Structures are given as structure tokens and as C-alpha cells.
Amino acid sequence: MIGDFTLPNNNLLSEIKSPDDIKNLSFDKLSELCAEIRNVLIETVSNNGGHLSSNLGVVELSVALHKVFNSPKDKIIWDVGHQVYTHKILTGRYDKFSTLRTEGGISGFSSPEESEHDIFYSGHSSTSVSSAFGVAMANRINGKKDYTVAVIGDGALTGGLAYEALNNAGRSKARLIVILNDNKMSISENVGGVARYLAVIRSKPEYFRLKAKTESTINKVPVIGKPLAKQIFDLKTRIKNRMYKSTFFEDMGFRYMGPIDGHNLEQLSEALDSAKLVNGPVLLHINTIKGKGYDFAEKSPSEFHGISKFNIENGETNIGSDNFSSVFGSTVCDLAEKDKRVCAVTAAMALGTGLKDFSEKYPDRFFDVGIAEEHAITFTAGLSKGGMKPVAALYSTFLQRSFDQLIHDCSLQNANMIIAVDRAGFVGEDGVTHQGLFDVPMLLAVPNIKIYSPFTFKRIKFDFESAVKQDGLFAIRYPRGNDAELPKGYQISENDFDLFNENGAALIVTYGRISAEAMFAVEKLKSENKMISLLVLNCIKPIPKEVFNIALTYRKIVFYEESEKAGSVGTAFAETLAVKGYNGKFEHIAVNDEFVQHASVPALLNKYGLDRESIYNKFSEKLNG
């Protein structure tokens, strides 16, 4: 037993090579298949890390979707895409599933490179209805009768993009089915057992066939047919509204079905078959349990949402308590105790960004706005205009969604606020949709902003303490992981830059996590009587004038950074040097105009020439030559 779940043998799964292989299985066999899938999910994520609770919650839904629809002819589009593990297993990737999130293995998110069954890359929330509606309308224009299905969670409905899409799609005649996977909040809670019974009845194909036949018959009655049909429809609507508290989706133009049990395969399949009979957009509301089938995940769904390797028997991980997120959280708590203006904002990431303790200690000054990064940034700017000193904590990959707000609502307004940019740089196994490589080019384009890039616990504390004491717009970006190990004799100061090993044969310029890698490389070269200077930028915007005065004295400069190259600090640095008349050799090593796939952070640093070994080898070869 694992929690309330017994591990079965994977007899059925070994026979599943494509979705066609499940279409003729009985519901009893499909239930066995679901148990086998849960076994594989728990075992694989315990070994590789990944998103567990969300995937355990949609096992039956994934199976029902592939039983009823014909993927990839019918398009199934998953919001965020972190819940596609069962979908991957059923679409020919079971034999590769043990490679989940490993270098060269399958992605932890939907990936069109892997399979024709994955329609979109998706790592950000609230996008599925927009993209699915686009596909559905293209089908309509081209005369195709294929179905398009969007699967979106109730959490994603905190994002405004979802409502923009629902509003647009509800007015159409698109063959679009939106499945609302409700695993936490009640969006349309029904009143009493009769309403719940009717919800199930309304989801049966027989109901829709009878309804369509009745409407057709009444409409044909001379003179009174259409008026009578309208009166019956209005009466039915009034009765239904008494039973259902929300008709929000129907007001938008969707045919609403549910809510139904998202773990009942037979009900799910009947409801999906019914949805196919509707001539227009449908919203099917299902209730699921996040973490279903694994006791630890059911009890702590947030902790098992995205988790590292863990022990199946007790649910425990080997992760230490101290990382940049936790140090940030404790620092902001300390600042809030001293300064009543300090408040914290996040977008459904209180646990991930380290703000859980803050939310408990200062509930009146903590704001979780849901998965709504654009709102988070503008709301933070509003707090600053009200006299607060707010800190908005977002992952680098999610901050991308707020570019206009950063410019228009923060910079232009001279907002007095701090943006904590978590997971800056490589994030590793979460891969292409989550790498934090775009915040630097984005933030550098924002006027009136000061950007720090700490890579030690001591410096991150100093940067936040310093920013709280000053007026203006600040961004403080820091990597995922633990405190940087530095060579003996190397310390980061409270200055905007640090210079080590003056008068070397060449100059390395860098910032953030790569600084520690460069220190070890430089120290190893020094032990071989090969002197290389190292300039570490603690503040990457604005760069102090003294930095360029130093750089101009070197004939060779190599700039290393963990960022997309276009629009980066290195690019701006080279431009400034050129304007100042630098005629030496400048080399820029960064990620060059590409998306970075999933692998461990050390592997990615090595691949892109940013680890200590690569830096050492580069200069050792040059100096030997």
C-alpha cells in the first residue's frame, strides 16, 4: 500500500501503443488501466521529480478523452501542460516515460517536437481556450468536422486571458469543448441532491438527443411553434437558474454541463459524447481531487504539485531548507517587521517563491492575486502609489507576461516598488517553457529601473535591505538553488561591482551564478601562474562608469552570462565599449537565439560554456598558445 493506493502490475499498459488501443476496453478494464497509470506516475516522479498531484488528478479524464475523441485528428489542448503525463503515456510514450525530465528524455510539459498528439508547447497558464478556439475556427473555415478540446483548471481561471477567450468563443459556432477541471474552488455549486442528479442526467447523450428532437418538433408547429419553443426555453432556464447558482458560462454563450465526478469514467465518457452532439461551444465542468490515489499528495497537493525526488513510502524529499527562495522569504519577513510599509504580492506562488511564512505572519500585507501576473505587477504599482513599499515575487519565466505593465504602469509612473525575480537563469528539468533567460533583455529595456543580480545569500539580503531604503523601481533577480560556494579569499562586497586579480592578461566580466564558476576557473589558472582578471557585476543596470574605465585597459575581454544573448547585458556592454573607442578583442558567451531544452543545471552550464571547467579550458588553451 502507498497511502490508500495498492501498486498493480502494468499488464494493460504494456499493450497500449496508441489511443486506439483503449477505445474498445470495458470500463472495468479502463479502471484497471488508471490504477496502472497511477503506479507509473508515482514511481517515475519519485525518481525524476516533476508535477505529481496535478497529474494524479486527471488520470480518468485523460483516459476518457482518448476513449471518446480521435487524437490527433481531434485536438486536445492542455492548459499549462504540466498535467499531460497520462496523455503522454497513452499516446505512444509509455516506453520512454522513465526518461521524463531527464536530458534527452521526454519533456515534463506538452511538446510538439515529441508527438503529433501535443498541439502546443504550454508552460504558462490560461492560454488553452484562446489557442483551442483558434484551432476550432480554422477547422470551421476549412470545413473540417474535427473537435477541439481545451482542458483548463479552476486555478487558470484566475488569469484574465481565459476570460478574454471565453468571451470571444462563446459568441461563435465553433466546435469547441472546454473542460473545466475543478479541483479546489467551487465555481457553480449546486443546491441539493436533485440538482446533482439533474447535472448527471443533463450530461447523458440521451438527454441531448431527446432535447434536439423535441425542439425540432415544436419548431415545426405552424404559427405557434417558435414562440412556444422560446417560452419553454425561458421557463426551463428560470427553473435551472434556481438550482444552479452560476450561469456565468451560459451567459457567455457556452452550453454548460455539470458538474460531474471527474473520476467516474462512465460519467465522463457519456458527458464527452454528449458534448460532441452540441452544435456550438460547450463547457463541461468536472470535479477532481488533486493528488488522487496517493495519500501524501491528496493531503498536501501544493507540496506535491512540483516536487523533487521523494521517498514513496513516506513522501519525504531530501531537499534542504535553505535556498534562494527561502532566504528571500525570511528577508522580506524581517523587513516587514521593521517597516510597516513593506508588503508582498505573488501570483499563486506563495510556496514556490518563499512567501508562505510572510502570508502567515503578515496576512494583512500579503496578496496572492492568483495566476494573473499582469495584474500582480500593476496592483503592486498601485500599492506603491498608496504609500506602501511592495515587493512582487514572480518566477522569471512568468514575469515575461508583464512586459507592458512593467513599462506603462511601473516605470512610467515612477513606482516605488521591488520586483523579486525568482528562478533567474537556467532552471533545469522544467525545460524550454520555464528557463529564466528572457528577464534580463526584457528588464534592460525598461527605463528608470535598477537591477541587481545576487548569487550569494549574504548579497540577496543586502540588496533587498538596500532597495527598501531607497525610492524607485528595483528588480532583484536570483537563481534557483542553494548558496554559491566561493573559493577561499573571494568575497562579494556591498558595492555595485567587484574586481579580482587586477592586471591579468585578460578580463572576464560576468554576473549572477556564473560569477562563482568564473572565480573557481580564475583561481585554478592562478595556481598555474596564469593571471586572469575577473570583474563581477553585482548591479547590471545601471553599470557604473568605473567599470568601463577598468575594462578599457584590457586587450581581451570575455563576457559570460546566463541569458539570451540578444538584448543582454553583454550586448549593451559591448556597445558601450565600442562607443568609448575600445579596439581590443571582445567575446560574448551566452545563449544565442534559441530555446533551451530540459536538462540539469550543471549539464546546461557545461553545454553553453558557462561552467568553471569550460571557462578554465578556454583561457588555459589561449594562454598556452
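All values below come from the heavy atoms of this structure, side chains included, with hydrogens, waters and symmetry mates left out. Because the structure is a prediction, the values reported are computed rather than measured.
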Whether Arg480 side chain and Val427 backbone form a donor-acceptor pair below 3.5 Å: yes
Crowding at CG, Asp593 (>12 non-hydrogen neighbours, <6.0 Å): no
Whether Phe109 and His51 hold their rings parallel, tilted or perpendicular, with breakpoints at 30° and 60°: perpendicular
Worked check of side-chain hydrogen bond (donor to acceptor under 3.5 Å, both in side chains) between Ser568 and Glu561: CA-CA 8 Å; Ser568 65; Glu561 67 181 314; 2.7 Å; yes
Whether Ser300 side chain and Glu303 backbone form a donor-acceptor pair below 3.5 Å: no
Tyr121 and Ser110: CA distance, side-chain angles, deciding distance, side-chain hydrogen bond (donor to acceptor under 3.5 Å, both in side chains) verdict: CA-CA 5 Å; Tyr121 291 102; Ser110 54; over 6 Å; no
Between CZ on residue Phe328 and OG1 on residue Thr353, distance to nearest 0.5 Å: 6.0 Å
Rounded distance [0.5 Å steps], CG in Leu443 versus CD1 in Ile540: 7.5 Å
Working for side chain to side chain contact (heavy atoms under 4.5 Å, CB included), residues Lys309 and Ser46: CA-CA 5 Å; Lys309 299 177 183 180; Ser46 72; over 6 Å; no
Candidate pair Asp611 and Ser614, rule side-chain hydrogen bond (donor to acceptor under 3.5 Å, both in side chains), full reasoning: CA-CA 5 Å; Asp611 65 332; Ser614 300; 2.4 Å; yes
Check: Cys333 main-chain N/O paired with Glu337 side-chain donor or acceptor under 3.5 Å: no
Mutual orientation of the aromatic rings belonging to Phe500 and Tyr490 [parallel < 30°, tilted 30-60°, perpendicular > 60°]: tilted
Residue pairs, two or more places apart or on separate chains, that pass salt bridge (Lys or Arg N to Asp or Glu O under 4.0 Å) and touch residues 92-117: Lys88-Glu114, Arg93-Glu114, Arg93-Asp118, Arg101-Asp430
For Phe497, ring pair (Phe, Tyr, Trp, His ring centres under 6.0 Å) partners two or more places apart: none
Any side-chain donor near an acceptor of the partner, His124 and Thr397, under 3.5 Å: yes
side-chain hydrogen bond (donor to acceptor under 3.5 Å, both in side chains) partners of Asn529, counting only residues at least two apart: none
Reported CD1-to-CG distance for the pair Ile42 and Asn55, which is rounded to 0.5 angstrom: 11.0 Å
CA sep, side-chain torsions, deciding dist, call: Asp498, Ser493, side-chain hydrogen bond (donor to acceptor under 3.5 Å, both in side chains): CA-CA 7 Å; Asp498 289 299; Ser493 72; 2.5 Å; yes
For Asp496, salt bridge (Lys or Arg N to Asp or Glu O under 4.0 Å) partners two or more places apart: Lys450
Side-chain (Lys541) to main-chain (Val446) donor-acceptor, under 3.5 angstrom: yes
Between CG on residue Leu535 and CD1 on residue Ile543, distance to nearest 0.5 Å: 9.5 Å
Phe367 and Phe379 aromatic ring geometry - parallel, tilted or perpendicular at 30°/60° bounds: perpendicular
From CD1 (Ile419) to OG (Ser402), nearest 0.5 Å: 8.0 Å
Side-chain donor or acceptor of Thr331 paired with backbone N/O of Val327 under 3.5 Å: yes
Pairs involving residues 435-444, ordered by first then second residue, that meet salt bridge (Lys or Arg N to Asp or Glu O under 4.0 Å) (sequence neighbours left out): Asp439-Arg477
Aromatic Phe455 / basic Arg513 pairing, under 6.0 angstrom, 45° off normal: no
Main-chain N/O of Glu613 paired with Asn617 side-chain donor or acceptor, under 3.5 Å: yes
Trace of the side chain to side chain contact (heavy atoms under 4.5 Å, CB included) decision for Val596 with Tyr608: CA-CA 10 Å; Val596 174; Tyr608 289 95; 3.6 Å; yes
Aromatic ring proximity His598/His434, centre distance under 6.0 Å: no
Aromatic contact, Phe324 with Phe457 (centres under 6.0 Å): yes
Listed once per pair and sorted, the salt bridge (Lys or Arg N to Asp or Glu O under 4.0 Å) pairs that draw on residues 452-464, sequence neighbours left out: Arg459-Asp463
Donor-acceptor pair, side chain of Thr571 and main chain of Lys565, under 3.5 angstrom: yes
Results of side-chain hydrogen bond (donor to acceptor under 3.5 Å, both in side chains) for Ser128 - residues two or more places apart only: Asp79
Short side-chain to backbone donor-acceptor contact, Asn311 and Glu316, under 3.5 Å: no
Contacts of Phe548 that satisfy ring pair (Phe, Tyr, Trp, His ring centres under 6.0 Å) - sequence neighbours left out: Phe573
side-chain hydrogen bond (donor to acceptor under 3.5 Å, both in side chains) partners for Ser111, two or more places apart: none
Parallel, tilted or perpendicular: rings of His87 and His117 (30°, 60°): perpendicular
Flag, side chain of Arg365 to backbone of Val342, donor-acceptor distance under 3.5 Å: yes
Between Phe310 and Phe304, ring centroids under 6.0 Å: yes
Candidates Thr378, Ile449, Leu399 - the one meeting side-chain contact (heavy atoms from CB on, under 4.5 Å) with Leu406: Leu399
Residue pairs, two or more places apart or on separate chains, that pass salt bridge (Lys or Arg N to Asp or Glu O under 4.0 Å) and touch residues 386-408: Glu373-Arg401
Between Asp368 and Thr346: side-chain donor-acceptor atoms closer than 3.5 Å: no
Short N-O contact, Lys556 and Glu587, less than 4.0 angstrom: yes
Parallel, tilted or perpendicular, as decided by the 30° and 60° cut-offs, for the rings of Phe358 and Tyr362: tilted
Nearest atoms (heavy-atom pairs only) where Pro112 meets Ile119: CG-O, 3.8 Å
Results of side-chain hydrogen bond (donor to acceptor under 3.5 Å, both in side chains) for Glu528 - residues two or more places apart only: Lys530, Tyr616
Plane angle bin for Phe97 and Tyr85 - parallel if under 30°, tilted between 30 and 60°, otherwise perpendicular: perpendicular
N/O donor-acceptor pairs under 3.5 Å from side chains in residues 502-510, not counting sequence neighbours:
from   : atom 1 : to     : atom 2 : distance (Å)
Thr510 : OG1    : Tyr560 : O      : 2.7

Backbone N/O of Phe426 and side chain of Glu562: donor-acceptor pair under 3.5 Å: yes
Ser326 OG to Asp322 CG distance, which is reported to the nearest 0.5 Å: 5.0 Å
